[in-house]
Amino acid sequence: MQLKSKGRIAAIGFRGVPHVIGGIETHCEHLYPALAEAAPDLDIIMIARSRYVTASNNRLGKVRLVALPAPKHGAIETLVHTPLAIVYARWWLQAAIVHLHGIGPGFFAPLARILGMQVIVTHHAADFERPKWGRLARSFLRVGERLMARFADRVICVSDTVQREFLSRHNEAVGRTMTIQHGLDLQASVDGLDFLADQHLVSGGYLLAVGRLEPTKRFEDLLAAHALHPAALPLIIVGSSINNADYEAELRDLAENGVGGSVRFLGFRTGDELSALYTHAAVLLHPSEMEGFGLVILEALAFGAPTIVSDIPVHREFGLPADHYFPVGDQVAIGAIMAKTQVRTAPWPQAAAIVARYSSAPAVEAHAVVFRQLMNSSNTAQ
């Protein structure tokens, strides 16, 4: 048996990178290349799902990218790909540490421990609370969180809210759990006017919503609110569904039948196109009832967009002004915000100070510290 590579880390639990829809995917796309630059002593290999990456895509910055097969089904993907990736990480890569993302992959933390690797799990959200999952899937996710709490060497929570709620259920993990919020450095000087012209949009003249099209995001509230004020600025919805085509079809049907007023769906956008949409939006509206962090909010703020969001604990962590929150599901309140929003001609002045708290450097360094602590403890044990 070959010895484990002392500095090798296998990252598992994301679908693919780059430019794959999903908060975990965006997080991993930004984190690992930055970590490889800041901590060259750590050998990071990302193990993706083959249908989300091209055959020629085998690196992300200085990070090696490996693609393994997975079935084309949301729940089964995790069940099949995660243990396959863990076994591959141990026997082919000789990884010392596995970094799992999400409580679904966290179900397999004991397997990684049995194979002799140390385990870090990033807890992105209590996914068993999402209505899209049936009873069996929710049970699996609950057990995944329980096994993660017991067997992970470290649990990283993406917000104080996630950590507080996780430890209320699994206090036995308190000594191994910490919060590392997402860090994000974006190029904030984006023109994008040609793209806006192609989409027949006016700079500063539209309401924007971004995210996966799934029930917890509550995009239907935006459609209903917009219908109350047909003279409001156009509503642009950016995103697509992931294994939830019925909900997306319902939203599009509502918009097509006039329930949502002047509404357009632009599908999944990324890179300069998404940056341009943030840069030139009159306001970002985020009505979600459940988030682990709220990466969309941070992205919008990074491009100077005023951001008004649902009043849930994780959104409160951003410290937005009091009038930038509305009660979850309050379509009248959302409609009033839409009605009074005017064309924007300059970046929102308060955005920069909020974004400054979420620079990527502290988040990258915090991850490096965790990895090195485990590496050192492993070397001491040997």
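Note that these values count all heavy atoms, side chains included, but never hydrogens, waters or copies made by symmetry.
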Going through the checks in order, is the side chain to side chain contact (heavy atoms under 4.5 Å, CB included) test met by H101 and H27? CA-CA 10 Å; H101 288 270; H27 169 65; 3.7 Å; yes
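- Note on residues 351-364: pairs passing side-chain hydrogen bond (donor to acceptor under 3.5 Å, both in side chains), not counting sequence neighbours, are D185-S360.
- The residues R150 and E145 are annotated as not salt-bridged, no charged nitrogen and carboxylate oxygen being separated by less than 4.0 angstrom.
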For E256 and R252, run salt bridge (charged side-chain N to carboxylate O under 4.0 Å, His left out): C-alpha distance rounded to whole Å, both residues' side-chain angles, the deciding distance at 0.1 Å, then the answer. CA-CA 6 Å; E256 289 172 5; R252 290 180 178 273; 5.9 Å; no
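- Clustering ILVMFWY residues whenever any of their side-chain heavy atoms sit less than 4.5 angstrom apart, transitively, puts M290 in a cluster other than the one holding I334.
- Note: F293 and F318 meet the aromatic proximity criterion, with ring centroids under 6.0 Å apart.
- Under a 4.5 Å side-chain heavy-atom cut-off, the cluster of Ile, Leu, Val, Met, Phe, Trp and Tyr residues that includes V328 is completed by I312, V314.
- With salt bridges taken as basic N to acidic carboxylate O contacts below 4.0 Å, one links E77 and R51.
- With ring centers used as reference points, H30 lies 6.0 Å or more from H182.
- A cation-pi arrangement, defined by a distance under 6.0 Å to the six-membered ring centre and an angle within 45 degrees of its axis, is absent between R138 and F128.
- Between D43 and R64 there is no salt bridge, since no side-chain nitrogen of the basic residue lies less than 4.0 Å from a carboxylate oxygen of the acidic one.
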Can R176 and D153 be said to form a salt bridge (charged side-chain N to carboxylate O under 4.0 Å, His left out), step by step? CA-CA 6 Å; R176 295 173 282 116; D153 295 281; over 6 Å; no
Verdict with reasoning, I44 to F371, per side chain to side chain contact (heavy atoms under 4.5 Å, CB included): CA-CA 11 Å; I44 304 166; F371 290 134; 5.6 Å; no
